[in-house]
Amino acid sequence: MPIADRLTARKAIIERVRGLGRKVVAVLPFHYPRALLRAYRLHPIEVWGPPNVPRDKGSQHFQAYTCDIVLKATSFLLRGGMDPVDAILVPHTCDALQGMASVTADFLKPRQPVLTLYLPRGCRDSDRAFLIAELRRLAGCCAEISGHKPNEADWAEAFAAEEAADRALASLYQRRPRLALSDRDFYTAVRSREFLTAEDFGELAASLPEGDPPADGVGLMLSGIVAEPLELFDRINEMGAHVVADDLACGYRRVYPPAAESDPFARIAAQLLACPPDPTRGSPIEQRVAALRSRMRESGAQGLLIYDVKFCEPELFDIPLLRKHLAAAGLPVLHVEFEMGMTVSRQVLTRIEAFVETLQ
Amino acid sequence: MSKPEVVAIGTDAGSTTCKLVAVGQGGEVLGSRLEATQPHIELQVGELLGQLRSELGVDGPVPCVATGYGRKLVKDATRSVTEITCHARGVFRDLGHGGTLVDIGGQDSKVIRLGNNGKPVDFMMNDKCAAGTGRFLEYTSARLGVPIDELGRRALSTDREEPITSTCTVFAESEIISLLARGVALEAILRGLHRALVGRIVAMVHNVGLTPPLMLSGGVAHNEAVRALIEEATGERVLLPREPQLMGAYGAALLGTEGKSAA
Ligand code: SF4
């Protein structure tokens, strides 16, 4: 059975977590403190577009060069898609999302409170201190929404659950070569972390069958914010290629390592700052190149497919240097930009197919 | 003397023209077809294939590799391969070396860096915007009433050049109209239009990285002004294969001779 058919629908999850005494927060991409939300009795449901929503209503509020994630998420909000949630959290991943947070809070004024989280652009002590302060500020807002202030036991329970789910995600990636799952099913499972509870995600991850992976041919590593629509994976497979690793914001970039700090805010900050390098966190290009090179080597990826949402500034800024450094290392790179929708454009597919042919 | 045996056929169903090439054991061209693309590509290619097969006396099955934007619609194809790989393979076979290949087709243009083994190392495509493709010249030809195969010669017939500032085909058209209304010579406008098209192509060349020699394929390779202005902008002589427009189909046919492992 395809993994998608095994997943509980978001609506049902919202009802279920409400039954557990939690409120629901719509969360925009992509780094945010899950354990903190849980400790404050909030459940995140992430919003990455969605791809099937028209841009129209969002386009009325932003410049023409705004990415589809922001346009579509705004359309989704204005079309009532976020009506069932109790709050909206917009992390400051990029200027586009920061703009969305201001426009939403100041002009669109939804019924729900709009929370922000300013993420630092580095990993220095000052960045850590800033992030801890931000997390404390966010915690104050969460307390207002849920009316709950966590005690030590709440924090312990939240860390235990969310860190177990983080480990389950990390283990999915480790077991990838042995999982008898198509690329589409693998990424459906990875991305179910965007809305499932930590427990449900852990259960799903543990249940995935091992065996002969169905894929062979050219191994690709995929980089970018999000690989949408999932049809992309089917098309890549048809070309005689498969995805052996990723550097996706909706994927491997959120494999958070455990941390041991006793203060909950310091612990979350340490985890958020220790995840794999990515351009939205201002990771130096050398770090990104080194990480990409070593993961490509380990996974046997023959080429890097950078699949960028059109107008995604943080990703695009890095492209010239990434191409230069990876070419110098003899690693083939293809950069394509896509507009988010329910199908992949013929032009994008032709580029990917030609890239695969060069690697065959 | 018996007819040479057809070993493979390549089809290139492009947006403007539909091309077929049949090759023999040594990769030599035994026959070809080229005609304007019709709305039902699938039927058209089937018909052209039938003609070519009967002309060359092909009775049994031969590998048929399809390329071009309509490649997935070719029912008789044993395999489909992108234009990038096919043009690279065809031009490499014809000219015998790596370098930088510019292919300007009716609906897209591509710059392909070819390794010394003829395989594409890197490439860039423009298929989102008509400026920088053959469509730009088709528009111009229709608007100015100059036959398409005379555009290049007329553009080179003058030293005067009227810069076209619009980067968009549609806006360039209105710019042309206002230039004509101001009495600017047609040839000077044509030269400016060719310069605009070449500017886009050369920017792509520099993006991919110019590795000499510079080679040109696709229907627009026949346009002498495009060739001359590319040479002027890059300082490199432009080499043409024997049949620039057939290179995609030729490369597809060559891949057919090599079996599945060749692509
Ligand atoms: S796609 Fe890029 S620009 Fe858009 S919200 Fe994500 S990070 Fe920001």
Side-chain angles (χ1 to χ4, degrees), chain A residues 64-65 68 216-218 220 231-232 234-241 302-311 316 318-341 343-360, chain B residues 12-15 41 65-73 79-89 92 98 101 103 105 107-115 117-130 133 204 206-209 211 248 251-252 255 258-263:
Chain A
Y65 47 84
D68 275 347
D216 58 9
V218 172
L220 295 177
E231 174 210 355
L232 173 74
D234 303 336
R235 299 287 91 82
I236 287 177
N237 293 161
E238 283 164 19
M239 292 169 195
Q302 290 159 262
L304 178 70
L305 169 57
I306 306 177
Y307 187 72
D308 276 342
V309 178
K310 197 170 170 186
F311 302 127
L316 292 174
D318 268 9
I319 297 297
L321 283 175
L322 264 191
R323 283 181 73 110
K324 185 175 142 202
H325 288 290
L326 292 171
L331 294 170
V333 176
L334 175 72
H335 175 231
V336 292
E337 285 177 82
F338 72 100
E339 291 179 31
M340 210 183 236
T343 54
V344 196
S345 80
R346 181 185 62 79
Q347 288 100 328
V348 166
L349 288 175
T350 294
R351 281 174 172 79
I352 299 174
E353 198 175 349
F355 184 55
V356 169
E357 287 167 3
T358 65
L359 301 174
Q360 270 165 342
Chain B
D12 178 0
S15 61
I41 290 180
V65 177
T67 190
Y69 99 105
R71 64 187 180 280
K72 308 271 186 205
L73 300 172
R79 193 176 149 206
S80 78
V81 180
T82 63
E83 305 91 290
I84 311 270
T85 300
C86 291
H87 274 269
R89 190 57 60 103
F92 179 75
L101 169 63
D103 171 68
Q107 193 171 263
D108 64 19
S109 48
K110 4 187 191 309
V111 175
I112 308 164
R113 192 144 52 80
L114 286 185
N117 57 1
K119 278 192 130 194
V121 178
D122 199 1
F123 63 89
M124 182 163 266
M125 279 178 95
N126 160 37
D127 49 15
K128 294 212 178 105
C129 165
T133 73
M204 279 166 67
H206 289 309
N207 250 317
V208 170
T211 308
L255 289 169
E258 294 167 13
K260 211 170 159 50
S261 61

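Every chain is numbered from 1, with letters handed out A, B, ... down the list of sequences. Remember, predicted model here, so these are calculated numbers, not experimental data.
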CA sep, side-chain torsions, deciding dist, call: A:L334, B:F123, side chain to side chain contact (heavy atoms under 4.5 Å, CB included)
CA-CA 9 Å; A:L334 175 72; B:F123 63 89; 3.7 Å; yes
Evaluate the side chain to side chain contact (heavy atoms under 4.5 Å, CB included) criterion for residues A:M239 and B:T82: first the C-alpha distance (whole Å), next the side-chain angles of each, then the deciding distance (0.1 Å), finally the verdict.
CA-CA 11 Å; A:M239 292 169 195; B:T82 63; over 6 Å; no
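Note that the CD atom of A:E357 and the CD atom of B:E83 stand 9.0 Å from one another [nearest 0.5 Å]. Atom CG of residue B:D122 and atom CZ of residue A:F355 lie 8.5 Å apart, to the nearest 0.5 angstrom. Rounding to the nearest 0.5 Å gives a distance of 4.0 Å between OG1 of A:T350 and CZ of B:R71.
Interface residue B:K72: only side-chain heavy atoms are found under 4.5 Å from chain A.
Checked by atom type and distance alone, the side chain of A:R351 pairs as donor or acceptor with a backbone atom of B:M125 at under 3.5 Å.
With sequence neighbours excluded, the residues satisfying ring-ring contact (aromatic ring centres under 6.0 Å, His included) with A:F338 are A:Y307.
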